K.L.:
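Sending over a structure as structure tokens; questions will come in a sec.
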Amino acid sequence: MSATRSKVRSPDAGTLLDWYDRHRRRLPWRAGPGQKPNPYRVWLSEIMLQQTTVAAVGPYFLRFVEQWPTVEALAAAPQDDVLRDWAGLGYYARARNLHACAKTVAEDLGGRFPDTEEGLRALPGIGAYTAGAIAAIAFDQQAAAVDGNVERVVARLFAIDTPMPAAKTEIRARTADLVPADRPGDFAQAVMDLGATICTPKRPVCALCPWNEECLAHAGGIAESLPVKAPKKDRPLRRGAAFWAERGNGSVLIVKRPPKGLLGGMDGVWLTPLKQDIDPSDAREHAPFKARWNRIAGEVEHVFTHFRLQLTVFTATDVTSFALPDTRWVTKTDLPDVGLPTVMRKAAAHALRALHGPKAEKLVALRRRSKAPN
DNA sequence: TAGCCGTGGCA
DNA sequence: TTGCCAAGGCT
């Protein structure tokens, strides 16, 4: 297409790469300019970043690479250790798949990640986006990495107003056409940086965009309205209960959840079945054992992806010790070392506050989050 | 293919 | 307070 005949130029990778060289974000998992990327670190960061903000991932990434500097080290770790350190990041199937993937790479692939999209795509936890991202970023393959940022940038660039997710096919094809043979890894990261800092979902800063002259949505004044998304489904409210048990010596009951499903494999307090809506007055039927369960005032609120949860907390103290499947008794001293998902921390904090006062909440304090690295 | 699967920050 | 949404994958 001739630039003189078209009203709007067609976007080219060089324009974006020039912008990237000046404005790239410096992130803990990124190789610096001229540095060779480490596939293990690229993979780890990409898994952590799935549906998760850069700011949230930062401390987790640093902790993981410090504790497990190589894929072999991660593969050799017990899965429970990996889940414990993942606690709080959410989407816990990612942690289970991460560990399974590490074992496959370490034990079956000689410690080397595949360098093609196809090879990567076959590993657990690696889908179309992540395979493309690792192939491009870690191995400089001419691969497209289409995430939410890229979908937004490309939908606007070509004014694609087909609603998501139907537009994915066209967006993927358009993106693939843009990927350059030279510096495909930087290109992938450049589009994501553009989406994260300039071509934002709301109030995009088109004036600063290196592609603003090529952008059909900008030309039409419709950038902020793209991509078109289907309306969200509302999240029903579900009620449940948590049971906090303490023995005479002060140790507390911790439950390991089933290996799959919601919070699969994670430690926590004893809960009523979360697939049901349970009236608090009926909740004692689901207690782990007979005891004088005391209902605490107030509720714990938590929002999951597809429902809102309102937990009533019950406590029992001076419980006589006995064995239950998938449970253990944890001393107060060891409690801070248990990796609790956020909803479990909330329930535990509520119980500890009621029984022992505000200071006791620190035993299950939410991990302090460092400031966003960008 | 659409539902399941977390969490925190921000407007 | 509520909704949106962030480097998605699995079934």
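Below, read A as the first sequence line, B as the second, and so on, with proteins coming before strands; counting in each chain starts at 1. Since we're looking at a predicted model, the values are computed, not measured. The figures that follow rest on heavy atoms only: side chains count, while hydrogens, waters and symmetry mates do not.
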K.L.:
Please tell me which of the listed nucleotides, B/dG6, C/dA6, B/dC5, lies nearest to the side chain of A/R94?
P.N.:
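It is B/dG6.
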K.L.:
Quickly work out the A/M48 CE to B/dG6 C1' distance and round it to whole Å.
P.N.:
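After rounding, the gap between these two atoms is 15 Å.
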K.L.:
Please tell me which of the listed nucleotides, C/dC5, C/dG8, B/dT7, lies nearest to the side chain of A/K232?
P.N.:
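In terms of side-chain proximity for A/K232, the closest of C/dC5, C/dG8, B/dT7 is C/dC5.
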K.L.:
Base, sugar-phosphate or nothing for A/R308? Non-hydrogen atoms, less than 4.0 Å.
P.N.:
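A/R308: no heavy atom of the nucleic acid under 4.0 Å.
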K.L.:
What's the closest nucleotide to the side chain of A/K202 if the choices are C/dC4, B/dT7, B/dG6?
P.N.:
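Comparing C/dC4, B/dT7, B/dG6 against the side chain of A/K202, the answer is C/dC4.
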K.L.:
Determine the Euclidean distance between corresponding P atoms of C/dC5 and B/dC5; express it in Å to zero decimal places.
P.N.:
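Nearest-Å result for B/dC5 against C/dC5 at atom P: 22 Å.
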K.L.:
Please compare A/N97 and A/S45 by the position of their nearest nucleotide in DNA chain C and report the one closer to 5'.
P.N.:
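Mapping each residue to its closest nucleotide by heavy atoms, the 5'-most match is A/S45.
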K.L.:
In terms of the nearest nucleotide of DNA chain C, which residue is placed more toward the 5' end: A/E46 or A/P124?
P.N.:
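Mapping each residue to its closest nucleotide by heavy atoms, the 5'-most match is A/E46.
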K.L.:
Counting only distance, no hydrogens or angles, is the base of B/dG6 paired donor-acceptor with the side chain of A/T305 under 3.5 Å?
P.N.:
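In this structure, the two groups form a donor-acceptor pair.
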K.L.:
Going by an N to O cut-off under 4.0 Å, is there a salt bridge joining A/E301 and A/R308?
P.N.:
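Salt bridge: no.
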K.L.:
Nearest whole angstrom, please: distance from the P of C/dC5 to the CZ of A/R203.
P.N.:
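Rounded to the whole Å, the gap is 16 Å.
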K.L.:
May I ask you to say whether A/D334 pairs ionically with A/R328, meaning some side-chain N is under 4.0 Å from a carboxylate O?
P.N.:
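No.
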K.L.:
Report the distance from atom CD of A/Q50 to atom P of C/dA6, rounded to the nearest whole Å.
P.N.:
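The answer, rounded to whole Å, is 15 Å.
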K.L.:
Considering only NZ, NE, NH1 and NH2 on the basic side and carboxylate oxygens on the acidic side, decide whether A/E107 and A/K103 come within less than 4.0 Å.
P.N.:
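Here A/E107 pairs with A/K103 in a salt bridge, since their nearest N and O are under 4.0 Å apart.
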K.L.:
Hey, does the side chain of A/Y92 come within less than 4.0 Å of B/dT7's phosphate (OP1/OP2), counting only N and O?
P.N.:
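True: A/Y92 side-chain N/O within range (under 4.0 Å) of B/dT7 OP1/OP2.
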K.L.:
From C/dG9, B/dG6, C/dA6, pick the nucleotide closest to the side chain of A/Y129?
P.N.:
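So the side chain of A/Y129 is nearest to C/dG9.
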K.L.:
When the nearest nucleotide of DNA chain B is assigned to A/F304 and to A/P165 on a heavy-atom basis, which residue is associated with the more 5' position?
P.N.:
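Per heavy-atom nearest nucleotide, the more 5' residue is A/P165.
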K.L.:
Is any side-chain N or O of A/T53 closer than 4.0 Å to OP1 or OP2 of B/dT7?
P.N.:
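So the side chain of A/T53 is outside the cut-off, no N or O lying under 4.0 Å from OP1 or OP2 of B/dT7.
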K.L.:
Please give, in whole Å, the distance from C/dC10 C1' to A/I47 CD1?
P.N.:
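Computing the A/I47:CD1 to C/dC10:C1' distance gives 13 Å.
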K.L.:
Is any side-chain N of the basic residue among A/K332 and A/E246 closer than 4.0 Å to the acidic one's carboxylate O?
P.N.:
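Result for this pair is yes, salt bridge flagged.
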K.L.:
To the nearest angstrom, how far is A/L194 atom CG from C/dA6 atom P?
P.N.:
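These atoms are roughly 14 Å apart.
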K.L.:
Got a salt bridge between A/D277 and A/R239, using NZ or NE/NH1/NH2 to carboxylate O under 4.0 Å?
P.N.:
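So A/D277 pairs with A/R239 through a salt bridge.
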K.L.:
Considering just the side-chain nitrogens and oxygens of A/H306, establish if one lies under 4.0 Å of OP1 or OP2 belonging to B/dC5.
P.N.:
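Looking at the OP1 and OP2 atoms of B/dC5, one of them is under 4.0 Å from a side-chain N or O of A/H306.
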K.L.:
Using the P atom as the reference point in each nucleotide, state the distance between B/dG8 and C/dG9 in Å, no decimals.
P.N.:
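Nearest-Å result for B/dG8 against C/dG9 at atom P: 22 Å.
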K.L.:
Show every donor-acceptor pair shorter than 3.5 Å between a side-chain atom in residues 31-39 of chain A and any protein atom, with sequence neighbours excluded, or say none if there are none.
P.N.:
| unit_1 | atom_1 | unit_2 | atom_2 | d |
| --- | --- | --- | --- | --- |
| A/Q35 | OE1 | A/G32 | N | 2.6 |
| A/N38 | OD1 | A/Y40 | N | 2.9 |
| A/N38 | OD1 | A/R41 | N | 3.4 |

K.L.:
Please report the distance, rounded to the nearest Å, between CE in A/M192 and C1' in C/dG8.
P.N.:
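To the nearest whole Å, that distance equals 13 Å.
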K.L.:
Taking N and O atoms by type only, does the side chain of A/T52 place a donor or acceptor under 3.5 Å from a partner on the base of C/dG8?
P.N.:
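Side chain to base: no pair present.
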K.L.:
Check this one for me: any side-chain N or O of A/H302 less than 4.0 Å away from OP1 or OP2 of B/dG6?
P.N.:
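Looking at the OP1 and OP2 atoms of B/dG6, neither is under 4.0 Å from any side-chain N or O of A/H302.
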K.L.:
Considering just the side-chain nitrogens and oxygens of A/K233, establish if one lies under 4.0 Å of OP1 or OP2 belonging to B/dG3.
P.N.:
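A/K233 to B/dG3 OP1/OP2: side-chain N or O found under 4.0 Å.
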K.L.:
Which is true for A/A128 with a 4.0 Å heavy-atom rule: it touches a base, it touches only sugar-phosphate, or it touches nothing?
P.N.:
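Since only primed, P, OP1 and OP2 atoms lie under 4.0 Å of A/A128, the category is sugar-phosphate.
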K.L.:
Under 4.0 Å between a side-chain N/O of A/R152 and OP1 or OP2 of C/dA6, yes or no?
P.N.:
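Yes.
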K.L.:
Separation of A/D193 atom CG from C/dA6 atom C1', in whole Å?
P.N.:
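A/D193 atom CG is separated from C/dA6 atom C1' by 14 Å.
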K.L.:
Reckon A/V303 touches a base, only the sugar-phosphate, or nothing at all at heavy-atom distances under 4.0 Å?
P.N.:
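Counting heavy atoms under 4.0 Å across all strands, the contact made by A/V303 includes a base.
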K.L.:
Nearest whole Å is fine: how far is C/dT11 C1' from A/K260 NZ?
P.N.:
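It is 10 Å, rounded to the nearest whole Å.
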K.L.:
Answer yes or no for A/R63 and A/Y60: cation-pi contact, defined as NZ/CZ to six-membered ring centre under 6.0 Å and angle to ring axis within 45°.
P.N.:
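Geometry flag: set, cation within 6.0 Å and 45°.
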